[in-house]
Visitor: 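Mind looking over this structure? Questions follow.
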Amino acid sequence: MNSLPVIDISPLYNADEAGHLAVAEAIDRACREWGFFYIKGHPISAERIAALTDHAQRFFALPAEEKLKIDITKSRHHRGYGAVATEQLDPSQPCDLKETFDMGFHMPADHPEVLAEKPLRGPNRHPLQIEGWTELMEGHYRDMQDLACTLLRAIALALGIERDFFDKRFVEPISVFRMIHYPPRQTATSADQQGAGAHTDYGCVTLLYQDQAGGLQVQNVKGEWIDAPPIEGTYVVNIGDMMARWSNDRYKSTPHRVISPLGVDRYSMPFFAEPHPDTEISCLPGCYSDDNPPKYPSTTCSRYMLSRFAETYAYRRQGEAESA
Ligand SMILES: N=C(N)NCCCC[C@H](N)C(=O)O
Ligand SMILES: O=C(O)CCC(=O)C(=O)O
Ligand SMILES: [Fe+2]
């Protein structure tokens, strides 16, 4: 019970219904016991990962003033570059020792939701210095959203709701694709400054590619930190708080953190799957009963996301970039 399950999801890409059911049951068990698992048999190629890694390394190696041309703290739509210490995932610890690039669902400036100044809606901000960047990232964003929807169909099957329940809610989603660079920890770095402080994710599911450096840790039911080591060719999948709310805690949103490795750079690439901003997040049918009433009040995706952002971004606490 001390290592995370590895689930082969390739049957989800075949027509055979028994195969779908077997994968759905394995995912259901992993989400109830851990809220964390690895997937293999997914369609993201090794060549794609190599290209993304190369682009991430080139971007983060740019001089600070180049990266800050797309400073996320100056973005109304929460897109672009976050320098070291922009985010504080564990508010009881120092700011995170990592830098990030965030992109979301691209909406042109004349889209009605952007004109209406809906929070978190707007155009992506890509580093134009790097050739081929925009095409690679926009294509990858679509592929990751497709992979998330494939997993969410298996989850819908396990929960006994309509198979396309999530597909309908992930049209023009809030989902974010992020690239993270963890600079090497020095022996002089304070022991409690983490790459990413302990936290639970905000969304429905997170799909994480991590390189071979290691450092991701997950809390087990006893509250102990266990390693989630890199396994070549896999993604780490975890349940976020919106899915915990939807499922009335049938599925666990489990605390995790990153201890930056000593003396090596680490790169990771999470995709945070989050539905359309107006999606209602309230207890799903079949997840409550008389002796298991709903634990959480109903909310919407956008309301919930903004409340969480306000806790972990210092610049948002000060009320800057009000409308996202
Ligand atoms: N829309 C999102 N998620 N934006 C990026 C924030 C990432 C922080 C976080 N762990 C999370 O769970 O989102
Ligand atoms: O970089 C990682 O391995 C995990 C990052 C993470 O948990 C997050 O950004 O939410
Ligand atoms: Fe996380």
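First listed ligand is number 1; within each ligand, the first listed atom is number 1. Computed from a prediction, not measured in an experiment: that's the story for all the values here. Sequence positions, counted from 1, serve as the residue numbers for this chain.
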Visitor: Of the backbone atoms (N, CA, C, O) and the side-chain heavy atoms from C-beta on, which set of R308 has a member under 4.0 Å from an atom of ligand 1: side chain, backbone, both, or neither?
Guide: neither

Visitor: Measure the distances from the heavy atoms of M305 to every atom of ligand 1 and state whether one is below 4.0 angstrom.
Guide: yes

Visitor: Hey, mind stepping through L52 and M269 against side chain to side chain contact (heavy atoms under 4.5 Å, CB included) and telling me if it holds?
Guide: CA-CA 9 Å; L52 291 166; M269 301 173 196; 3.7 Å; yes

Visitor: Would you say Y182 has any N or O atom under 3.5 Å from an N or O of ligand 2, going by distance alone?
Guide: yes

Visitor: Count the heavy atoms belonging to other residues, nucleotides or ligands that lie under 6.0 Å from OH of Y267, then report whether that count exceeds 12.
Guide: yes

Visitor: Going by the order shown, which atoms of ligand 2 are within less than 4.0 Å of some heavy atom of R266?
Guide: 1 (O), 2 (C), 3 (O)

Visitor: At a non-hydrogen distance cut-off of under 4.0 Å, which region of S268 contacts ligand 2 (side chain, backbone, both, or neither)?
Guide: side chain

Visitor: Hey, can you tell me if W133 and F59 have their rings parallel, tilted or perpendicular (30° and 60° cut-offs)?
Guide: tilted

Visitor: Among all protein heavy atoms in this structure, tell me which lies nearest to atom 4 (N) of ligand 1, with the distance rounded to 0.1 Å.
Guide: F309 CZ, 3.6 Å

Visitor: Note the single closest protein heavy atom to atom 7 (C) of ligand 1, along with its residue, its atom name and the distance in Å.
Guide: R178 NH1, 3.5 Å

Visitor: Please list the nearest protein heavy atom to atom 10 (N) of ligand 1 with its residue and the distance rounded to 0.1 Å.
Guide: D201 OD1, 3.1 Å

Visitor: Decide whether a cation-pi geometry holds between R58 and F60; the criteria are a distance under 6.0 Å from NZ or CZ to the six-membered ring centre and an angle within 45° of the ring axis.
Guide: no

Visitor: What is the ring orientation for F165 with W246, classed by angle as parallel under 30°, tilted 30 to 60°, or perpendicular over 60°?
Guide: perpendicular

Visitor: Just go through H199, K98, E87 and tell me whose heavy atom is the nearest to atom 8 (C) of ligand 2.
Guide: H199

Visitor: Checking a contact table here: which protein heavy atom is nearest atom 4 (C) of ligand 2, and how many Å away?
Guide: V258 CG2, 3.6 Å

Visitor: Heavy-atom distances under 4.0 Å decide this one: backbone, side chain, both or neither, for V236 against ligand 2?
Guide: neither

Visitor: Provide, to 0.1 Å, the distance between atom 3 (N) of ligand 1 and the closest protein heavy atom, together with that atom's residue and name.
Guide: E274 OE2, 2.9 Å

Visitor: Identify the protein heavy atom lying closest to atom 9 (O) of ligand 2, giving its residue, its atom name and the separation to 0.1 Å.
Guide: F272 CZ, 3.5 Å

Visitor: Using a 4.0 Å cut-off to any heavy atom of H199, which atoms of ligand 1 qualify?
Guide: 10 (N)

Visitor: Side chain, backbone, both or neither: which part of Y202 comes within less than 4.0 Å of ligand 1 when only heavy atoms are counted?
Guide: both

Visitor: Indicate, as side chain, backbone, both or neither, the part of D102 found under 4.0 angstrom from ligand 1 when only non-hydrogen atoms are considered.
Guide: side chain

Visitor: Which N/O/S atom belongs to D201 and is the closest one to the Fe ion (ligand 3)?
Guide: OD1

Visitor: Where do R308 and D201 come nearest, in terms of heavy atoms and distance?
Guide: NH1-O, 4.5 Å

Visitor: Is it true that atom CD of E131 has more than 12 heavy atoms of other residues, nucleotides or ligands lying nearer than 6.0 Å?
Guide: no

Visitor: Which of the atoms in ligand 2, numbered in the order shown and given with their element, are less than 4.0 Å from a heavy-atom of D201?
Guide: 10 (O)

Visitor: Identify the heavy atoms of G197 and R257 that sit nearest to each other, and give their distance.
Guide: C-CB, 4.0 Å

Visitor: Mind checking the CG-CZ spacing from L120 to R79? Nearest 0.5 Å is all I need.
Guide: 7.5 Å

Visitor: With a 4.0 Å heavy-atom cut-off (strictly under), which part of T206 contacts ligand 2: side chain, backbone, both or neither?
Guide: neither

Visitor: Kindly assign one of parallel, tilted or perpendicular to the pair F177 and H140, based on the angle between their ring planes and the thresholds 30° and 60°.
Guide: perpendicular

Visitor: Inspect the contact between E280 and R245 and indicate whether a charged nitrogen and a carboxylate oxygen are less than 4.0 angstrom apart.
Guide: no

Visitor: Regarding R178 and D102, does a basic nitrogen lie under 4.0 Å from an acidic carboxylate oxygen?
Guide: yes

Visitor: Starting from atom 8 (C) of ligand 1, what is the nearest protein heavy atom, named by residue and atom, and what distance separates them?
Guide: E87 OE2, 3.4 Å

Visitor: So, 4.0 Å and heavy atoms of H256: is ligand 2 close enough to count as a contact?
Guide: yes

Visitor: Among D146, D164, D167, find the residue that satisfies the salt bridge (charged side-chain N to carboxylate O under 4.0 Å, His left out) test when tested with R153.
Guide: D167

